[in-house]
Amino acid sequence: MSIELLTINRVRIIKRAEIQPSPSVNLITGPNAAGKTSLLEAIDILSRGRSFRTHLAERLVSSGQSELIVTARLHQSEGASLNIGLEKSRRGARIHIQGSPAQSIAELASLLPVQALHPESHQLIQGGPTYRRAYLDWGTFHVKRQFLPIWRRYQRSLHQRNAALKAADEPKNIRVWHGELSETGECIDNFRREYVHALMPVINEYVEKLPSVNQPTFSYQSGWPEAQSLAALLEREISADIQRGYTRYGPHRAELEIRVNGRYAHGIVSRGQQKLLAATMRLAQTQLFTQQTARACVILVDDLPAELERVYRERLLHALSQLDAQLFITAIEADDLNMGMWPDVKRFHVEQGDIQELV
């Protein structure tokens, strides 16, 4: 899968643009605040309904406008083309696939899988468990069709139980949600465990390709003590959860612990090392996605030179060149990056939101 044609309307500084990107690698250059990142955000919005910088529509829509529109023609592996589009405003989002309305962003995400490496990528290491759960769930969503509906069931039940806890409701009214929570929670945990089991060997391969820290280790934690069932814990913790006002145990508390030399990575590795380790994890995930689905990802790489020494940039670019993926890479100047690893690079230049292909 790759983007054949991309049309952007009213995304930040980009008022209107249409490009025909390469299915391989696209280098987008231009000065700071010219709109390079906005181009990448438009692709991310089309995949996830939000960008890697913000989920707030008012920050994404061009100044003075009420909504943004991003559309694309996708080239699929079997040779057919597929048209998708998204309109986003403060009121919500409208999605179209082949001219017909779609029900959810998940339908776009399944058609246009996107990974992003950007200046805040280090949050995958430095940030809280939410970032790493989202990382695991991206991969699980794309390889397990049952994951999303079960995850939605779990979230609905969790919301209802938490509401009952906050209201200090009768225990019998709280127990109503235990069966659904424990059943769906155990399923989510099993899906994640299967995914982590498949992912770890690929991450270890990339740790060798992109060494940033000394032998990082990864450990998946369910969100509750492994020796006990979730159903039993929900029952045992009713009184304590009422005092807390929320559900303590469950897959919503899961974590992918990352350690270096036995210590949590976020406390001992530099920002540049965090960024490279996060890239290692994203690229490994991208490779596993292709192995498991026989499909390609779109990878967005924003401001790669920032905080990475040249030797690490070279290694990362080489690793990217080995992936079956469509790449969009930004830089202020073309000379900032060694693009010689690709036989053919399509180049675009951005000035004040205007995107021009360079011939």
Side-chain angles (χ1 to χ4, degrees), residues 2-6 8 11-15 17-44 51-53 114-124 206 209-213 269-283 286-287 296-359:
S2 62
I3 299 172
E4 290 183 328
L5 178 67
L6 177 68
I8 305 169
V11 176
R12 294 198 191 264
I13 196 174
I14 302 175
K15 305 301 183 187
E18 183 174 282
I19 65 170
Q20 294 179 302
S22 164
S24 176
V25 60
N26 301 274
L27 178 62
I28 301 105
T29 58
N32 285 327
K36 303 186 301 297
T37 300
S38 299
L39 191 161
L40 302 192
E41 285 186 282
I43 297 171
D44 206 23
S51 89
F52 50 82
R53 293 175 69 187
V114 169
Q115 290 275 22
L117 304 178
H118 52 85
E120 293 300 311
S121 289
H122 69 280
Q123 290 293 347
L124 182 58
Y206 273 87
K209 294 178 184 179
L210 296 168
S212 57
V213 294
V269 300
S270 70
R271 179 68 59 86
Q273 289 173 317
Q274 289 178 20
K275 183 173 289 189
L276 194 58
L277 183 55
T280 297
M281 295 170 64
R282 294 287 183 194
L283 267 59
T286 300
Q287 180 172 310
C297 268
V298 171
I299 302 180
L300 314 175
V301 185
D302 190 33
D303 198 17
L304 181 60
E307 300 182 50
L308 280 186
E309 298 176 16
R310 179 169 292 276
V311 63
Y312 292 126
R313 273 183 263 158
E314 293 288 315
R315 290 174 181 172
L316 181 52
L317 285 169
H318 184 264
L320 285 166
S321 73
Q322 302 301 305
L323 287 170
D324 180 13
Q326 183 180 34
L327 302 175
F328 293 82
I329 304 175
T330 69
I332 294 176
E333 300 287 346
D335 291 343
D336 290 342
L337 298 173
N338 175 15
M339 304 300 291
M341 301 166 196
W342 289 271
D344 185 30
V345 177
K346 203 161 191 178
R347 299 173 187 268
F348 298 89
H349 187 74
V350 185
E351 289 274 358
Q352 297 182 339
D354 180 52
I355 305 172
Q356 297 292 329
E357 182 178 347
L358 301 179
V359 181

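- Of all non-hydrogen atoms in Ala33 and Ile13, the two that sit nearest each other are O-CD1, 3.7 Å.
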Audit row: Glu41, Thr37, side chain to side chain contact (heavy atoms under 4.5 Å, CB included) steps and yes/no: CA-CA 6 Å; Glu41 285 186 282; Thr37 300; 4.2 Å; yes
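- Between atom CG of residue Leu358 and atom NZ of residue Lys346 there is a gap of 11.5 Å, rounded to the nearest 0.5 Å.
- Between Arg282 and Ala116, the closest heavy-atom pair is NE-O, 4.4 Å.
- Side-chain contact check for Asp302 versus Pro119: some heavy-atom pair is nearer than 4.5 Å.
- Within the model, atoms CD of Gln274 and CD of Gln123 stand 8.0 Å from one another, a figure rounded to the nearest 0.5 Å.
- One finds the CG atom of Leu40 at 5.5 Å from the OG1 atom of Thr330 (value rounded to the nearest 0.5 Å).
- The two atoms that bring Asp44 and Ser51 nearest to each other are OD2-C, 3.3 Å, heavy atoms only.
- Residues Met339 and Ile329 have side chains in contact (heavy-atom distance under 4.5 Å, counting atoms from C-beta outward).
- Contact record, His349 with Gly30: CE1-CA, 3.5 Å, taken as the closest heavy-atom pair.
- A distance of 8.0 Å separates CG in Leu304 from NZ in Lys275, rounded to the nearest 0.5 Å.
- With a 4.5 Å cut-off on side-chain heavy atoms, Leu117 and Leu283 count as touching.
- For the atom pair CZ (Arg347) and CG (Asn26), the distance works out to 11.0 Å, reported to the nearest 0.5 Å.
- Glu314 places none of its side-chain heavy atoms less than 4.5 Å from the side chain of His318.
- In this structure, Leu327 and Trp342 have side chains that are in contact, with non-hydrogen atoms separated by less than 4.5 Å.
- Note: Leu27 CG to Glu333 CD = 10.5 Å, rounded to the nearest 0.5 Å.
- With a 6.0 Å radius and a threshold of 12 heavy atoms from other residues, nucleotides or ligands, Glu357 has its CD atom above the threshold.
- Heavy-atom minimum distance, Tyr206 versus Ala319: CE2-CB, 4.3 Å.
- The shortest heavy-atom contact between Leu6 and Pro21 is N-CD, 4.5 Å.
- The backbone N or O of Ala296 sits nowhere less than 3.5 Å from a side-chain atom of Gln326 that would complete a donor-acceptor pair.
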